[in-house]
J.: 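Have a look at this one.
For reference, positions follow the sequence shown, starting with 1. On a predicted model such as this, the values are computed, not experimentally measured, just so you know.
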Amino acid sequence: QVRLVESGGGLVQAGQSLRLSCAASGDIFSGYTMGWVREAPEKAREFVGAVRWYSGSVYVADSVKGRFTMSRDTVKNLMYLQMNNLQPMDTAVYYCAAGPRVATRWALGEYDHWGQGTQVTVSS
């Protein structure tokens, strides 16, 4: 069983940075894809980015490209989301997701495992 635990959320002012972490435990293997998804109040969940665990190949949504970057540590089974120049529109609960059969990284339905989420609030 795969377990995902997010951390690093908080309250920041516009223009500041945060780094989120996702700790994965269980049967994470090289074929997995891990991603970040966010959900703002009264909005649908939105894909943020994903990384192929084996290759490290990263895909980031256009809405955050240039401000957010992703990385992973395959030894510690950690995935990171570095968020720079945060804006109020980035306020959301950020979820970590993982799946062994993710063909389309922005297709949320292809992720089998989800964390509980971490709140990010950006004040203007």
Side-chain angles (χ1 to χ4, degrees):
Q1 186 69 16
V2 174
R3 183 166 180 256
L4 306 173
V5 179
E6 303 93 338
S7 62
L11 171 64
V12 296
Q13 293 183 330
Q16 293 185 327
S17 300
L18 278 176
R19 188 177 80 158
L20 305 184
S21 299
C22 173
S25 59
D27 295 329
I28 293 288
F29 58 92
S30 61
Y32 264 68
T33 295
M34 293 186 66
W36 289 100
V37 175
R38 66 185 181 183
E39 185 172 1
E42 300 181 357
K43 292 187 177 180
R45 286 192 177 186
E46 176 191 10
F47 171 80
V48 175
V51 58
R52 301 291 193 193
W53 201 249
Y54 174 74
S55 66
S57 171
V58 171
Y59 178 84
V60 179
D62 288 343
S63 59
V64 301
K65 195 170 293 182
R67 299 188 298 124
F68 291 12
T69 58
M70 292 181 61
S71 61
R72 90 265 191 260
D73 183 329
T74 58
V75 174
K76 297 180 180 179
N77 275 4
L78 288 168
M79 178 178 66
Y80 302 103
L81 179 66
Q82 177 66 43
M83 305 185 294
N84 298 326
N85 190 22
L86 282 160
Q87 300 300 316
M89 66 181 180
D90 298 313
T91 294
V93 177
Y94 284 71
Y95 296 92
C96 174
R101 293 170 296 274
V102 178
T104 303
R105 283 181 272 190
W106 56 86
L108 304 186
E110 296 191 14
Y111 292 87
D112 296 330
H113 310 287
W114 293 80
Q116 293 300 305
T118 185
Q119 176 71 47
V120 172
T121 303
V122 185
S123 63
S124 58

J.: Can a donor-acceptor pair be found, under 3.5 Å and without considering hydrogens, that links the side chain of E110 to the backbone of A103?
T.: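 Looks like yes, one N/O pair under 3.5 Å.
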J.: If you compare all heavy atoms of Q119 against all heavy atoms of A92, which two are closest, and at what distance to 0.1 Å?
T.: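 Smallest heavy-atom distance, with atoms named: NE2-O, 3.4 Å.
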J.: Does the T121 side chain pair with the main chain of L11, one donor and one acceptor, at a distance under 3.5 Å?
T.: no
J.: Keeping R72 on the side-chain end and Y54 on the backbone end, is there a donor-acceptor pair under 3.5 Å?
T.: yes
J.: Going hydrophobic residue to hydrophobic residue with side-chain gaps under 4.5 angstrom, can you get from L108 over to V51?
T.: no
J.: Minimum heavy-atom separation for F47 and A61, please, with both atom names.
T.: O-CB, 3.5 Å
J.: If you measure only the distance, is there a donor-acceptor pair under 3.5 Å linking the side chains of T33 and R52?
T.: yes
J.: Whether the side chain of E6 engages the backbone of Q116 through a donor-acceptor N/O pair (distance < 3.5 Å, no angle test) should be reported.
T.: yes
J.: Please walk me through it: do C22 and Y80 pass side-chain contact (heavy atoms from CB on, under 4.5 Å)?
T.: CA-CA 6 Å; C22 173; Y80 302 103; over 6 Å; no
J.: Say you draw a straight line from CE of M89 to OG of S124; how long is it, rounded to the nearest 0.5 Å?
T.: 13.0 Å
J.: Distance-only, no hydrogens or angles: does the T91 side chain make a donor-acceptor pair with backbone N or O of V122 under 3.5 Å?
T.: yes
J.: Under 3.5 Å, is there a donor-acceptor pair between the S63 and E46 side chains?
T.: yes
J.: What distance separates H113 NE2 from L4 CG, expressed to the nearest 0.5 Å?
T.: 7.5 Å
J.: Kindly compute the distance separating CZ (R67) from CG (N84), expressed to the nearest 0.5 Å.
T.: 9.0 Å
J.: Can you tell me how far OG of S17 sits from CG of N85, rounded to the nearest 0.5 angstrom?
T.: 7.5 Å
J.: Less than 6.0 angstrom from the centroid, inside 45 degrees of the normal: does R38 satisfy that with respect to the ring of Y95?
T.: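 R38 over Y95 ring: no.
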J.: When hydrophobic residues are tied together by side-chain contacts of less than 4.5 Å, even through go-betweens, does V102 share a cluster with M70?
T.: no
J.: Of all the heavy-atom pairs spanning G99 and Y111, show the shortest one and how long it is.
T.: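 For G99 and Y111, the tightest heavy-atom pair comes out as N-CD2, 4.1 Å.
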J.: Would you say V93 ends up clustered with M83 if hydrophobic residues are merged whenever their side chains have heavy atoms under 4.5 Å apart, either directly or through other cluster members?
T.: no
J.: With side chains defined as the heavy atoms from C-beta onward, is the minimum distance between C96 and M79 less than 4.5 Å?
T.: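 They are in contact (side-chain heavy atoms under 4.5 Å apart), so the answer is yes.
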J.: Search all heavy atoms of P100 against all heavy atoms of D112 and return the closest pair with its distance.
T.: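 Smallest heavy-atom distance, with atoms named: CD-OD2, 3.1 Å.
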J.: Hey, mind stepping through D90 and V120 against side-chain contact (heavy atoms from CB on, under 4.5 Å) and telling me if it holds?
T.: CA-CA 8 Å; D90 298 313; V120 172; 5.5 Å; no
J.: Between S57 and R105, is any pair of side-chain heavy atoms under 4.5 Å apart?
T.: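 Contact flag for S57/R105 side chains = yes.
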J.: What distance do Y94 atom OH and T118 atom OG1 have between them, rounded to the nearest 0.5 Å?
T.: 10.5 Å
J.: Any idea which heavy atoms bring M34 and W53 closest together, and the distance?
T.: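 Smallest interatomic distance, heavy atoms only, reads SD-CZ3, 3.3 Å.
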J.: Test V60 against T69 for side-chain contact (heavy atoms from CB on, under 4.5 Å), laying out the working first.
T.: CA-CA 7 Å; V60 179; T69 58; over 6 Å; no
J.: Are Y59 and W106, when compared by the centres of their aromatic rings, separated by less than 6.0 Å?
T.: yes
J.: Examine L20 and V5 and state if one hydrophobic cluster contains both, with Ile, Leu, Val, Met, Phe, Trp and Tyr joined whenever side-chain heavy atoms are less than 4.5 Å apart.
T.: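 In one cluster with L20: V5, no.
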J.: If every non-hydrogen atom of A98 is compared with every non-hydrogen atom of Y32, which pair is closest and at what distance?
T.: CB-CD2, 3.9 Å
J.: As an exercise, state the distance from CZ of F68 to CG of L86, rounded to the nearest 0.5 Å.
T.: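 One finds 5.0 Å between CZ of F68 and CG of L86.
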